[in-house]
Undergrad: 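Can you keep this structure in mind? I'll have questions shortly.
Scope of the values below: all heavy atoms of this structure, side chains included, with no hydrogens, waters or symmetry mates. Chain A is the first sequence line, chain B the second, and so forth, proteins listed ahead of strands; every chain is numbered from 1.
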Number of protein chains: 2
Amino acid sequence: MKLRKADRTQRLQEVEDRFVDLWDTMSALWGISPTMARIHGVLYITGQALSMDDIMARLAISRGNVSMNLSKLVEWGLVRRVHKRGSRRDYYESLSDVWEMFTLVAQQRKRREIDPILNTLRHCQEMLGELKDDATARERGERIGELLKFLTMMESLARRFFETHQGLKMAVGLLARESE
Amino acid sequence: MKLRKADRTQRLQEVEDRFVDLWDTMSALWGISPTMARIHGVLYITGQALSMDDIMARLAISRGNVSMNLSKLVEWGLVRRVHKRGSRRDYYESLSDVWEMFTLVAQQRKRREIDPILNTLRHCQEMLGELKDDATARERGERIGELLKFLTMMESLARRFFETHQGLKMAVGLLARESE
DNA sequence: CTATGATTTCAGTGCTTCCTGAAAGGAATA
DNA sequence: TATTCCTTTCAGGAAGCACTGAAATCATAG
């Protein structure tokens with residue numbers, strides 16, 4: 001053992017902080033707010049069930065902020081509320097399965113972002129339908145058609161991808177349980 | 001012909017505006033700024049080569065704004081600078097191939113967002129390596145390992161996807177040319 | 001080389017989004 | 001029912017990001 005206990009703890013903190021910062025940076029990519037990401041980062045990397053006060057202290061953010069973002073995380077399904085016997089507080093813990101987290105985020109984003117786009121494009125097509133003997137309108141229609149074709153294709157591809165993964169994951173789970 | 005010329009033009013405008021608004025909404029999803037998206041929206045839906053003044057008028061935004069966002073679009077490869085003989089102005093036109101656009105955006109985002117994440121995670125692993133006889137450190141290492149495994153897997157999956165598409169697209173292009 | 005037309009840059013400003021902290025709301029104990 | 005502990009809500013404020021417009025730069029034509 002080369003390092004003293006205190007030093008090890010500090011090193012660990014460094015890594016955890018770095019990870020939380022990373023999560024913060026990723027937030028834009030995942031389509032969630034920075035703080036929501038940071039909170040999830042702490043919960044994921046520590047793997048522990050933490051209370052609101054733990055999180056407030058760890059990230060130096062206000063109670064209200066933690067409360068609102070935790071409830072969003074619970075809503076998204078990325079974090080679960082748990083209870084510790086003998087304590088009145090709520091504790092929160094993150095999902096640990098990366099695949100599951102990814103799937104949840106992807107589904108949310110599809111529902112909130114892709115679906116409305118498809119609706120709008122279809123509506124545009126309808127509006128253009130009434131002008132179909134206008135050459136310019138037909139050109140616009142073609143471009144929108146290309147997009148629709150592309151998006152629906154991607155969508156079905158993604159659906160198949162997730163279905164496959166679900167199957168795969170179940171199989172892996174079963175094998176793991178059998179080998180115990 | 002049910003509608004008069006003027007009415008048709010107005011209807012067309014409506015559709016185009018709706019499309020531009022849609023692009024604006026999508027911007028977050030694509031990881032680009034709203035105005036950048038709107039400008040690209042106009043160029044894509046009209047399919048024409050437009051000047052800066054055309055775009056300023058169409059979207060009611062300032063010259064500086066158009067200039068900066070157009071140069072970003074050119075940098076990304078989504079828009080090309082073209083010239084019209086007899087005019088000193090620059091004109092701009094959008095790519096028309098949806099797949100190509102998607103690929104470009106995906107590549108940019110990977111480079112700007114995914115790669116730095118992989119680097120950070122690997123760096124975290126290294127830092128944890130020095131603490132490998134600490135039980136907590138090993139737990140953290142496992143969680144980061146899961147993420148790395150997931151991300152590299154997704155990355156190679158995406159790469160294969162794009163390679164396949166490139167092949168497919170080339171084939172389609174060849175066939176189209178032969179049948180002329 | 002100068003004049004004219006076109007584009008880029010950037011400091012100042014406005015807008016949106018996120019965060020704080022205090023007050024209200026709920027739930028468990030006595 | 002009152003008390004205590006904990007959580008949620010929300011008005012006001014702070015921070016960050018994008019836009020404007022005018023001045024600087026660049027390019028072409030005369």
Undergrad: Do any pairs count as a salt bridge (charged side-chain N to carboxylate O under 4.0 Å, His left out) and have a residue in residues 40-50 of chain B, sequence neighbours left out, and if so which ones?
TA: none
Undergrad: Could you please name the option among D:dT7, D:dG21, D:dT9 that lies closest to any side-chain atom of A:M68?
TA: D:dT9
Undergrad: Round to the nearest Å and state the distance from A:D54 atom CG to D:dT7 atom P.
TA: 10 Å
Undergrad: Taking only residues two or more places apart in sequence, or in another chain, which ones meet A:E139 in a side chain to side chain contact (heavy atoms under 4.5 Å, CB included)?
TA: none
Undergrad: Going by the side-chain contact (heavy atoms from CB on, under 4.5 Å) test, name the single residue among B:L70, B:N65, B:N69, B:V79 that passes it with B:M36.
TA: B:N69
Undergrad: Look at the side chain of B:D53 and decide which nucleotide, out of C:dT20, D:dT8, C:dT7, has an atom nearest to it.
TA: C:dT7
Undergrad: Rounding to a whole Å, what distance do you find between B:I32:CD1 and D:dA18:P?
TA: 12 Å
Undergrad: Taking NE2 from A:H83 and P from C:dA27, how many angstroms apart are they, rounded to a whole number?
TA: 12 Å
Undergrad: Over how many whole Å does the gap from B:L70 atom CG to C:dA6 atom C1' extend?
TA: 13 Å
Undergrad: Should the pair A:F102 and A:F162 be assigned to parallel (<30°), tilted (30 to 60°) or perpendicular (>60°) ring geometry?
TA: tilted
Undergrad: What's the CG-P distance between A:D90 and C:dA28, to the nearest Å?
TA: 10 Å
Undergrad: Cationic tip of B:R81 within the cone over B:Y92's six-membered ring, i.e. under 6.0 Å and within 45° of the normal?
TA: no
Undergrad: In whole angstrom, give the distance that lies between atom CG of A:L59 and atom P of C:dT20.
TA: 10 Å
Undergrad: Quiz question: by atom type and distance under 3.5 Å, do the side chains of A:R111 and A:Q108 form a donor-acceptor pair?
TA: yes
Undergrad: Would you mind reading off the distance between A:R89 atom CZ and D:dT7 atom P, rounded to a whole angstrom?
TA: 7 Å
Undergrad: Quiz question: by atom type and distance under 3.5 Å, do the side chains of B:D24 and B:S27 form a donor-acceptor pair?
TA: no
Undergrad: With nearest nucleotide decided by heavy atoms, which residue, A:Y92 or B:I61, maps closer to the 5′ end of DNA chain D?
TA: A:Y92
Undergrad: CG of A:N65 versus P of D:dT7: gap in Å, rounded?
TA: 15 Å
Undergrad: Between the protein and nucleotides 22-29 of chain D, which nitrogen or oxygen pairs are less than 3.5 angstrom apart?
TA:
from   : atom 1 : to    : atom 2 : distance (Å)
D:dT28 : O2     : B:R88 : NH2    : 3.3

